[in-house]
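Structure record follows, encoded as structure tokens.
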Amino acid sequence: MRIGVLGTGNMADALATHWVRAGHEVVIGGRDARRAQRLATRIGGGARSAGLRAAADSAEVVLAALPFGAGADVVRGLHAALEGKVLLDCSNPVGPGFRLLTDGGPSAAQQLAAAAPGAHVVKAFNLCHEDVWRMRPPVFDGRPLAVPVCGDDETALARVRELVRDVGCEAVAGGGLERAGLLEATAALFIALWVGEGADAQAIAPPLAFAAGPPSRRATEGSGGQP
């Protein structure tokens with residue numbers, strides 16, 4: 001797969017490194033040519049550097065590894081190059097006090113979709129710190145990390161699911177792009193718990209078998225309450 005990366009920060013580094021190792025053709029695009037070249041060199045494996053437009057032009061999938069607030073402006077300027085392509089958004093619109101910056105308005109992913117209406121936007125990779133994505137692979141207690149994926153185009157979703165597997169994770173269907181805001185709000189909550197409270201966010205949800213109540217109680221209710 002040909003992947004263009006918009007941005008030269010930590011998320012660009014972490015994800016592009018996995019994808020190069022999986023055999024994908026990666027072009028790092030940045031406003032600063034020297035930073036893009038340094039990142040491509042560090043990633044190795046044939047990764048190349050280019051300007052933002054060249055990275056988008058050459059790709060089938062474009063990762064927008066850009067801060068919230070900058071992403072829509074960059075994408076708007078590249079909308080023609082992004083026509084018909086997968087645009088993968090991993091940003092988190094979280095501000096001071098762990099506040100969700102999009103509260104009451106379109107999600108960050110929907111803002112990208114509005115800025116590049118011909119692209120197929122998919123939301124993924126936004127729930128973890130970049131150093132988690134650097135793990136080879138992100139596996140905890142024997143279980144690969146699950147990555148929720150939101151989008152409206154099935155071909156785009158299939159490509160992103162492949163990229164999730166190439167990071168060593170398992171993709172989870174998160175619904176259409178209208179649910180991307182829920183993923184972003186979840187990230188805001190998790191960051192507040194992890195960073196603000198030092199709490200284990202993973203502990204707030206029961207195992208799947210208990211999601212609708214204890215299995216033994218459901219079996220009793222299903223039999224009419226008879227022992």
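In what follows, residues are counted from 1 in the order of the sequence shown.
Within the 4.5 Å cutoff, the side chain of T8 has heavy atoms near those of the I28 side chain. For the pair D141/R143, no side-chain contact is recorded, criterion being any heavy-atom separation below 4.5 Å from C-beta on. Counting heavy atoms from C-beta on, the side chains of M1 and R159 come closer than 4.5 Å. Within the 4.5 Å cutoff, the side chain of L39 has no heavy atoms near those of the T41 side chain. In this structure, the side chains of V149 and V172 stay at 4.5 Å or more apart for every pair of heavy atoms. Side-chain contact between R134 and N10 is present, with heavy atoms from C-beta onward closer than 4.5 Å. Within the 4.5 Å cutoff, the side chain of R31 has heavy atoms near those of the L52 side chain.
When hydrophobic clusters are built by joining Ile, Leu, Val, Met, Phe, Trp and Tyr residues whose side-chain heavy atoms come closer than 4.5 Å, directly or via intermediates, V121 is not grouped with V86. No continuous path of ILVMFWY side-chain contacts below 4.5 Å connects L6 to I43, so the two sit in separate hydrophobic clusters. Each of V27 and L15 belongs to its own hydrophobic cluster when Ile, Leu, Val, Met, Phe, Trp and Tyr are linked at side-chain heavy-atom distances under 4.5 angstrom. Under a hydrophobic clustering in which Ile, Leu, Val, Met, Phe, Trp and Tyr are joined whenever their side-chain heavy atoms come within less than 4.5 Å, directly or via other members, M135 and M11 fall into the same cluster.
One N or O on the side chain of N92 and one on the backbone of N126 form a donor-acceptor pair closer than 3.5 Å. Of the possible donor and acceptor atoms, none in the side chain of D152 sits under 3.5 Å from a partner among the backbone N and O of G176. Checked by atom type and distance alone, the side chain of H18 never pairs as donor or acceptor with a backbone atom of V164 at under 3.5 Å. Looking at W19, its side chain does come within 3.5 Å of a backbone N or O of L163 through a donor-acceptor pair.
Paired with S49 under the rule side chain to side chain donor-acceptor pair (under 3.5 Å), one option of Q37, R38, R34, R35 passes, and it is Q37.
The salt bridge (Lys or Arg N to Asp or Glu O under 4.0 Å) pairs that include a residue from residues 167-192 are K123-E184, where partners are two or more places apart or lie in different chains. Note on residues 133-153: pairs passing ring-ring contact (aromatic ring centres under 6.0 Å, His included), not counting sequence neighbours, are F125-W133.
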What pairs of donor and acceptor atoms, side-chain ones from residues 94-107 against any protein atom, are under 3.5 angstrom apart with sequence neighbours left out?
unit_1	atom_1	unit_2	atom_2	d
S107	OG	Q110	N	3.0
S107	OG	Q110	OE1	3.3

Listed pairs under 3.5 Å, donor-acceptor, residues 59-82 side chains, sequence neighbours left out:
unit_1	atom_1	unit_2	atom_2	d
E60	OE1	R2	N	2.7
D73	OD1	R76	NH1	3.0
H79	ND1	R76	O	2.9

For residues 188-213, dump all side-chain donor-acceptor pairs below 3.5 Å to protein atoms at least two apart in sequence or in another chain.
unit_1	atom_1	unit_2	atom_2	d
D200	OD1	Q202	N	3.1

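The CD atom of E154 lies 12.0 Å from the NE2 atom of H120; values are rounded to the nearest 0.5 Å.
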Going through the checks in order, is the side chain to side chain contact (heavy atoms under 4.5 Å, CB included) test met by C150 and V122? CA-CA 6 Å; C150 293; V122 177; over 6 Å; no

Stepwise, does the side chain to side chain contact (heavy atoms under 4.5 Å, CB included) test hold for L87 with L112? CA-CA 8 Å; L87 180 59; L112 291 190; 4.2 Å; yes

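Side chain to side chain, H24 and D166 meet the donor-acceptor criterion of an N or O pair below 3.5 Å.
Every residue two or more places apart in sequence or in another chain was checked for a side chain to side chain donor-acceptor pair (under 3.5 Å) with Q111, and none qualifies.
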